[in-house]
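Heads up, the thing below is written out as structure tokens.
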Amino acid sequence: MKQITLIAALAVFNLLAYTSCKKHETDLKKNKISAGSLADSVTIDEASLDGVTLTQYGFLKFDTPDDYEEILDIIKDYDEDQLNLWEQELGYVSSRTAFANPQDYGLSAEDNKNSVFEDEIFNTIIDPHGRIQIGDYLFKEEVDVNRLLEIHIEHYPGNLEAFDAGTFESNVMNEFDATFEAADEYDHICDYLATTEVVGLTKETGYTPPTWIFDPKETTSGDCTGGGVYVPTSGGPYGKHAHDNTDAVGTVWRADCKSVYQKVGVYFSIVAKMKYQKKSGSIWNSANTDMFILNNNGAYVSYCTYKPKNKSQQWPSIPYENYNNRKNDNVLTWRPYEGMRKLTLHDLDIWFAYIDNCGQHSGVHVRTNG
């Protein structure tokens, strides 16, 4: 596999972006990750680089919908370092990277039109302008204003400024709701566009953002004097002992656990996530600890079932004990499904466990409302 140096790739990108789209006030600055800096300690699957390329405009092109789905299926399990390396190998700056430190890329937080959709994979596959190409179709995601703009790639160069600015041109574009789902007779949105060759649609329905389903954000007594922890009991669920207390320096601890089925036009997923945090004053900060997803001989059964559109029902393997455990980390994520096909069935039940700030085993039980 030919190694593309990030500095060279981004230099080409900046030049082309300036000459072909001078309307962009904020050309992205050089990615801070030096080429080769991650490769010595982080590995990624070479298959995640097949079927995807960086275009001259700065967004990714997935050759076919199947390539898109296959690559998503690989990178959905990548941690942050692996996602950074994936971007580096493509010579690409994602929305995730750019808006982590927007000032470093000549951007501001207000430039992010997808701020309400906090998903690191979604924000990795779209560029800072919300653009992503799948097959012959270019999409511009703007979840914050409930919009998915689409144009056939052959019309993009002649309508570049309008599309990138989010100006709807009905003769060459379609404007969908952010959560658009193709009708049942179509496999996915690209199938719908190729079959109907529709142009000029405008969004009609209201937007309901993804809803996180979770047990209360339990806190742990800072002085470790009883209460404030989930205590696993034999053969049953965790007992909740909500005891909100702070230690002498005002620190409060919590495990923030969430589970959701989310839809964003070309991106559908089931995801469960736990963040471990501590609060000082009014600010929640990340706190590192050991985290797990449990399936202890049936006592705490974590599972997921789902059925994508036009696919047979799937039953992913029940996570084995301490599935995907993260040592000394602050976030744990399980993604049973990600792709561009809507789901007609989804049911997720997760038992999270972690070592709390008192050194005790604690946990949270989370499930979707599928």
Side-chain angles (χ1 to χ4, degrees), residues 41-45 72-86 96 100 117-124 210-220 228-232 237-238 240 252-262 269-279 284-297 299-306 316-338 346-368 370:
S41 57
V42 179
T43 60
I44 59 175
D45 191 334
L72 273 187
D73 191 51
I74 299 172
I75 69 172
K76 69 181 177 66
D77 296 321
Y78 281 0
D79 61 25
E80 184 176 2
D81 284 342
Q82 289 175 303
L83 291 175
N84 289 339
L85 181 57
W86 186 74
R96 177 185 62 90
F117 201 80
E118 299 179 7
D119 187 300
E120 60 270 26
I121 303 301
F122 172 70
N123 286 296
T124 295
T211 300
W212 292 107
I213 307 298
F214 57 95
D215 283 348
K217 300 172 182 177
E218 300 294 345
T219 57
T220 300
V229 297
Y230 275 114
V231 181
Y238 293 118
K240 296 181 186 177
V252 181
W253 306 79
R254 76 176 182 186
D256 184 0
C257 298
K258 303 176 180 180
S259 173
V260 71
Y261 168 50
Q262 52 193 12
S269 73
I270 300 175
V271 59
K273 180 179 294 186
M274 183 180 83
K275 293 181 180 179
Y276 194 55
Q277 299 171 314
K278 60 181 179 180
K279 186 177 184 181
W284 286 105
N285 299 305
S286 297
N288 289 354
T289 190
D290 292 352
M291 299 180 287
F292 317 91
I293 295 176
L294 292 182
N295 181 53
N296 293 335
N297 299 319
Y300 317 111
V301 179
S302 298
Y303 69 89
C304 180
T305 61
Y306 61 88
S317 298
I318 294 176
Y320 53 83
E321 184 174 1
N322 296 347
Y323 168 84
N324 197 23
N325 60 312
R326 300 300 298 271
K327 295 291 186 180
N328 195 32
D329 208 344
N330 68 295
V331 62
L332 174 61
T333 304
W334 185 36
R335 301 172 182 276
Y337 173 76
E338 290 200 353
H346 53 95
D347 188 14
L348 174 65
D349 198 310
I350 293 291
W351 293 88
F352 285 110
Y354 61 98
I355 306 298
D356 65 24
N357 67 296
C358 296
Q360 303 178 65
H361 289 273
S362 299
V364 180
H365 182 200
V366 184
R367 65 170 301 156
T368 61

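Nothing here was measured: the structure is a model prediction, and the numbers come from that model.
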Q.
The test is side chain to side chain contact (heavy atoms under 4.5 Å, CB included); show your working for Trp284 and Lys275 and say whether it passes.
A. CA-CA 11 Å; Trp284 286 105; Lys275 293 181 180 179; over 6 Å; no
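- Between the side chain of Asp290 and the main chain of Asn328, a donor-acceptor pair closer than 3.5 Å is present.
- Of the inter-residue distances, the one linking Lys278 atom NZ with Trp253 atom CH2 reads 5.0 Å to the nearest 0.5 angstrom.
- With sequence neighbours excluded, the residues forming a salt bridge (Lys or Arg N to Asp or Glu O under 4.0 Å) with Glu120 are Lys273, Arg335, listed by chain and number.
- In this view, Phe122 and Phe117, Tyr267 satisfy the ring pair (Phe, Tyr, Trp, His ring centres under 6.0 Å) rule, not counting sequence neighbours.
- Separating the CD1 atom in Ile75 from the CG atom in Asp45 is a distance of 11.5 Å, to the nearest 0.5 Å.
- Atoms CG and OG1, on Asp347 and Thr305 in that order, are 4.5 Å from each other to the nearest 0.5 Å.
- Ser41 contributes atom OG, which lies 6.5 Å from atom CG of Asp81 (distance to the nearest 0.5 angstrom).
- Across all their heavy atoms, Met291 and Tyr354 have their closest contact at CG-CB, 4.0 Å.
- With hydrogens and angles ignored, the 3.5 Å screen pairs a side-chain donor or acceptor of Thr289 with a backbone N or O of Ile355.
- Looking at heavy atoms from C-beta onward, Ser269 lies out of side-chain contact with Ile121 at the 4.5 angstrom threshold.
- Between Asn330 and Ala287, the shortest heavy-atom contact is CB-O, 3.3 Å.
- Side-chain contact between Val331 and Glu80: absent, with no pair of heavy atoms (C-beta onward) separated by less than 4.5 Å.
- A heavy-atom distance below 4.5 Å is found between the side chains of Pro336 and Leu348.
- At least one side-chain heavy atom of Phe352 sits under 4.5 Å from a side-chain heavy atom of Ile293.
- In this structure, the side chain to side chain contact (heavy atoms under 4.5 Å, CB included) partners of Asp73, at least two apart in sequence or on a different chain, are Lys76.
- Once rounded to the nearest 0.5 Å, the distance linking CH2 of Trp86 with OG1 of Thr124 reads 7.0 Å.
- When all heavy atoms of Gln82 and Val42 are compared, the closest pair comes out as CG-CG1, 3.6 Å.
- Side-chain contact, Asn84 with Arg96: a donor N or O sits under 3.5 Å from an acceptor N or O.
- Here Met274 contributes atom CE and Asp329 contributes atom CG; the two are 9.5 Å apart, rounded to the nearest 0.5 Å.
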